[in-house]
2 protein chains.
Amino acid sequence: MLKEERHQIILNEVRVHNRVLLTDLGEMLNVSLDTVRRDIKKLDEEKKLKKVHGGAISLGFDSYSFKGSQIYSREEKTQIAKKAIALLKEGQVIILSGGTTNLELARLIPEKMKLTCFTPSLPVAIELLSKPNIEVIFIGGKLSHQAQITIGAAAIRYLTQIKFDIGFIGTGYLDSVNGLTEFDWDVVQIKKAIIKASRKTVVLSISEKLNSSQRYKTCDLSDIDTLITELEPNDVSLVPFEKQEIALL
Amino acid sequence: MLKEERHQIILNEVRVHNRVLLTDLGEMLNVSLDTVRRDIKKLDEEKKLKKVHGGAISLGFDSYSFKGSQIYSREEKTQIAKKAIALLKEGQVIILSGGTTNLELARLIPEKMKLTCFTPSLPVAIELLSKPNIEVIFIGGKLSHQAQITIGAAAIRYLTQIKFDIGFIGTGYLDSVNGLTEFDWDVVQIKKAIIKASRKTVVLSISEKLNSSQRYKTCDLSDIDTLITELEPNDVSLVPFEKQEIALL
DNA sequence: TCCTTTAATGCAATATTTTGCAATTTATCT
DNA sequence: AGATAAATTGCAAAATATTGCATTAAAGGA
């Protein structure tokens, strides 16, 4: 393979994907990492891409900005996501709903972990695509402008055909009287379908959302298996919350 | 064998395959590598191809990347996208494939225009979601890490159930010998399905991608209805391109 | 036709480029 | 700080280029 060919392929990769890892290129081009490095160095000198540690990125790359991704305190969500990741096992088939907490979860999945991830969330899907070892399956259909996730009957029907190892439900509102609630009816329908399709349902919620509720109900507390917050389990106050059917993490 | 004959063969080889190895030419032409070298050197001096270490590549092979990622060619893509938007009519149901040109198209759709847009492209979908009047339907399925679009059998099957008013095929490679070609086999399959599902197929291509080809074929030129480039129609050079079955814009 | 001139080709010796490996240093993450 | 991944450097082997030269082929002139 000619050097120029490799260069072309690398540039194409960067153009389409905005970023590329050295290791991926090595496999793709069947050359050593040294060669890829030299190629990238050359292309960088020619100002055709930007060389970075571990790979290269497109020149105009300023990372994706998602609607309202970073409004809330990132730190809490990071804590929640880490706890969630501890539940994952190699080779599992999981589904992530939308929301910034799930986005953080997607971001923190270890590079090396092999998973099959379904999601109806656009931002989550993009985040997952940056991990080569994860097979990403997007649940298609009509998209909600607000939530940036797929809604509607087709998606719900689709979900009835699958059984997931774990379903991660992103931030909603939660109290022990009303259960899980949302303010978007369409989103509720999708979440219901996810819960139904999952062997185990894990809810990720920052503590602020506890003990508050919205108009539309997704499910009862008893329908979920695990609740993860940024707090220590003992500090979680769910009033009244006598029945400890739910694992707190 | 005459020198001129060899030159023609070499040029043709480069034109069709975008590149050629010295050693291959040696075998093909039954002459020493020295002769091939001298031929290629001559053709290089005549600006008919570009001599590189180990062979030769087509001129303009990497001219796109020369302009380096989105930044430089953004303007050209904007021009293309504007022409494409002129084809749209209120209330139509269209489909956009992936690629930066389609992304630009999505970006430039007027706020007020009501449309139903299908797409298998993650970035295009996100862009479309910023327009409240557009109903966005994402074609779900397994996502390509590379191209950030849905690929695979399920998506292709899904596409057989719909008939779109217009299908916009993003930048690929195009010449009149090989037709539309691509880098990525899976992407080719999706584009084929899009073309089949569309009443009218519009190809968006910056002129640099003209007269060059890649490994995998999407369709013949005769399968598309309109070709849009950033150039004036008269300036578009597709050689040989006698049959004007295609509208140039 | 024969000779001369010029261009084209192949060969061989020598340079240059490219590539992969290994050892070391540097950067990154926890 | 320690562990891990990545970058750098020097080096050697392989592939490719270059150069000079000899041979052959073609072209033109007397």
Side-chain angles (χ1 to χ4, degrees), chain A residues 1-11 13-14 17 19-46 48-57 61 63 74-86 88 90 104-114 127 130-134 230, chain B residues 1-11 13-14 19-46 48-57 61-62:
Chain A
M1 172 172 284
L2 296 172
K3 191 172 57 160
E4 272 67 17
E5 277 187 273
R6 288 201 313 271
H7 288 187
Q8 220 266 336
I9 290 170
I10 292 170
L11 285 171
E13 223 24 50
V14 167
H17 201 230
R19 59 171 241 183
V20 68
L21 301 180
L22 281 184
T23 47
D24 289 351
L25 285 176
E27 266 186 55
M28 188 181 305
L29 303 170
N30 268 315
V31 290
S32 74
L33 290 182
D34 301 79
T35 300
V36 178
R37 278 205 190 88
R38 280 185 275 241
D39 286 342
I40 283 185
K41 191 177 169 198
K42 188 118 189 285
L43 292 169
D44 182 74
E45 283 162 1
E46 292 170 0
K48 293 182 183 169
L49 50 66
K50 181 154 177 236
K51 181 177 180 303
V52 295
H53 193 93
I57 58 176
F61 185 70
S63 86
R74 175 90 172 267
E75 210 164 298
E76 295 157 1
K77 300 197 170 179
T78 304
Q79 289 180 273
I80 295 174
K82 279 180 181 169
K83 292 184 191 175
I85 282 169
L88 294 175
E90 190 92 4
E104 190 66 17
L105 169 51
R107 194 169 281 148
L108 293 182
I109 293 175
E111 285 286 334
K112 276 179 285 185
M113 183 172 266
K114 284 199 205 321
E127 191 58 43
S130 69
K131 322 246 173 189
N133 286 318
I134 294 186
E230 81 278 14
Chain B
M1 172 173 289
L2 296 175
K3 191 166 60 156
E4 293 308 318
E5 276 186 89
R6 287 201 312 271
H7 286 191
Q8 283 310 313
I9 291 173
I10 292 171
L11 283 174
E13 204 56 25
V14 166
R19 59 135 216 202
V20 68
L21 301 182
L22 223 50
T23 48
D24 289 352
L25 283 177
E27 268 188 52
M28 189 181 305
L29 303 171
N30 269 315
V31 289
S32 75
L33 291 183
D34 302 78
T35 301
V36 179
R37 277 204 192 89
R38 280 184 274 243
D39 286 343
I40 284 183
K41 192 177 170 196
K42 189 112 191 290
L43 291 168
D44 182 72
E45 285 161 1
E46 292 170 0
K48 304 233 175 96
L49 49 67
K50 185 169 171 208
K51 180 178 181 303
V52 298
H53 193 95
I57 60 176
F61 183 58
D62 65 346

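Below, chain A is the first sequence line, B the second, and so on; all start at residue 1. Excluded from the calculations below are hydrogen atoms, water molecules and symmetry mates; all remaining heavy atoms, backbone and side chain alike, are included.
Remark: P of C:dG20 and CZ of A:Arg38 are 8 Å apart, rounded to the nearest angstrom. What separates CG of A:Leu33 from P of D:dT9 is a distance of 17 Å, to the nearest Å. In this structure, B:Leu21 atom CG and C:dT18 atom P are separated by 15 Å, rounded to whole Å. Per the geometry, NZ belonging to A:Lys3 stands 10 Å off P belonging to C:dT17, to the nearest Å. If you measure from atom CG of B:Asp39 to atom P of D:dT18, you get 14 Å, rounded to the nearest angstrom. A straight line from NZ of B:Lys41 to C1' of D:dT18 spans 8 Å, rounded to a whole angstrom. Atom C1' of nucleotide D:dA6 and atom CG of A:Leu25 are separated by 14 Å, given to the nearest angstrom. A straight line from CG of B:Asp24 to P of D:dA15 spans 15 Å, rounded to a whole angstrom.
Heavy atoms only, all atoms of each residue included: A:Lys51 and A:Ile40 are closest at CG-CG2, 3.6 Å. Contact between A:Asn133 and A:Met113 at its shortest, heavy atoms only, is CB-O, 3.6 Å.
OP1 or OP2 of D:dT8 has at least one side-chain nitrogen or oxygen of A:Lys51 nearer than 4.0 Å. A sub-4.0 Å separation between OP1 or OP2 of C:dT19 and a side-chain N or O of A:Ser32 is absent.
The residue among B:Val52 and A:Gly54 whose nearest nucleotide of DNA chain D is located toward the 5' end is A:Gly54. Remark on DNA chain D: of its neighbouring residues A:His53 and B:Asp34, the 5'-side contact belongs to A:His53, judged by nearest-heavy-atom nucleotide. Comparing B:Thr35 and A:Met1 by the nucleotide of DNA chain C whose heavy atom lies nearest to each, the residue mapping closer to the 5' end is B:Thr35.
Using a 4.0 Å heavy-atom criterion, one finds that B:Gly26 contacts no nucleic acid atom at all.
With salt bridges taken as basic N to acidic carboxylate O contacts below 4.0 Å, none links A:Lys42 and A:Glu45. Using a 4.0 Å cut-off between a side-chain N of Lys or Arg and a carboxylate O of Asp or Glu, A:Glu127 and A:Arg107 qualify as a salt bridge.
Remark: the B:Arg37 side chain and the C:dG10 base include no donor-acceptor N/O pair separated by less than 3.5 Å.
Taking the side chain as every heavy atom from C-beta outward, B:Leu29 and B:Thr35 never approach each other to under 4.5 Å.
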